[in-house]
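Here it is, the structure in full.
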Amino acid sequence: MDFYEKEYIIQSSEVDMYRRLRVSQLFTFTQEAAIHHTEALGAGRAKTLDRGFLWVVTMQHAEISRLPEYDERIKLVSWAGKTMHVIFPRHYEIYDESGECIIRGSALWMLMDRNTRSMIFPDAEGIAINGIVTGREYPLPKPLKPEATDSSKDFTVPYSYSDINGHLTNTRYFDIAEDMTAPAAAGKTPHYVAAEYNGEARYGDRFDIALAATDSTVFLSGTKDGKKLFKLKMEY
């Protein structure tokens, strides 16, 4: 099973007030695809979650020609790239009903020990994924460069933002970015989004968010206890 494919009809709970798919929901789709495909490839919960190993995203990005709208049917296609020591690349494409590819992206995953929160070496634990090369892969994400920021805000992780891994789910960072800046509320659609995750924030944790936003670019950087937590960029 080299490819994972799934069709969706966009639901009202998945869109914003402009009836377009929320960016956070886009990455929820891609991550659910990664989880289901990983299970099919023989590295599912029996070898990971049930043994105390957690799949976590370290970086992800996407190029967006347009976001699908409420009640629109789309098809998501995803596949695993070649494993890079401890990093598992993942690629994805989203097509509309006409067969046009409207979103392309990629992500880097790794395994973390649930108790120590340290990185797992998959070879030592007998975990392997046979990735492929198709020739149409979107470039893998790279670390985001720091940018000058002009304001900051405190943020406390609410219970509803915590995920199965016990921390602020990475898709929620996009909601935070859109809530704190103006372009999304003004109806603008991003053509590129990227995030890098350097640490984790758990339920009740407080951290500082530094941000800079214009009509065309949003950049956020989070710091907790003096350590970098995440960086995120959205281009409109």
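We count residues from 1, following the sequence as given.
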Which atom of Ile102 lies closest to which atom of Pro68, heavy atoms considered: CD1-CD, 4.0 Å
Ion pair Asp96/Arg66, N-O distance below 4.0 Å: yes
Of all pairs that satisfy ring-ring contact (aromatic ring centres under 6.0 Å, His included), the ones with a partner from residues 34-60, not counting sequence neighbours: Trp55-Phe88
Sidechain N-carboxylate O distance under 4.0 Å for Glu200, Arg117: yes
Other residues, nucleotides, ligands: >12 heavy atoms within 6.0 Å of Tyr203 OH: no
Check: Gln31 and Trp109 side chains under 4.5 Å, non-hydrogen atoms: yes
Asp215/Lys188 salt bridge by N-O under 4.0 Å criterion: no
Side chain proximity check, Thr58 to Tyr197, heavy atoms < 4.5 angstrom: no
Under 3.5 Å side-chain donor-acceptor pair for Glu72 and Tyr70: no
Donor on one side chain, acceptor on other, Arg20 and Thr189, under 3.5 Å: yes
Polar contact flag, side-chain donor to acceptor under 3.5 angstrom, Ser118-Asp113: no
Any donor-acceptor N/O pair, Glu178 side chain to Ala185 backbone, under 3.5 Å: no
Pairwise distance CD1(Ile35) to OH(Tyr4) - rounded to 0.5 angstrom: 10.0 Å
Pairwise side-chain contact, Ile103 with Ile74, heavy-atom cut-off 4.5 Å (strictly under): no
Flag side-chain contact, heavy atom, 4.5 Å: Leu49 against Ile164: yes
For Ser13, side chain to side chain contact (heavy atoms under 4.5 Å, CB included) partners two or more places apart: Gln11
Heavy-atom side-chain contact between Arg90 and Thr38 under 4.5 Å: yes
For residues 226-236, which side-chain donor-acceptor pairs fall under 3.5 Å, sequence neighbours excluded?
unit_1: Lys228; atom_1: NZ; unit_2: Ser221; atom_2: OG; d: 3.3
unit_1: Lys231; atom_1: NZ; unit_2: Glu196; atom_2: OE1; d: 3.3
unit_1: Lys233; atom_1: NZ; unit_2: Glu147; atom_2: OE2; d: 2.8

Side-chain ion pair, Arg202 and Asp205, N-O less than 4.0 Å: no
Minimum heavy-atom distance Val218-Pro183, with the two atoms named: CG2-CG, 3.9 Å
His61 side chain to Ser106 side chain, donor-acceptor N/O pair below 3.5 angstrom: yes
Residue pair Leu111 / Leu54, side-chain heavy-atom distance below 4.5 Å: no
Closest non-hydrogen atom pair, Leu211 against Thr149: O-CB, 3.4 Å
Heavy-atom neighbours of Asn115 CG exceed 12 at 6.0 Å: yes
Lys/Arg N to Asp/Glu carboxylate O, Arg22 vs Glu14, below 4.0 Å: no
Phe3 and Ser78, any side-chain heavy atoms less than 4.5 Å apart: no
Arg51 (side chain) donor-acceptor with Lys47 (main chain) under 3.5 angstrom: yes
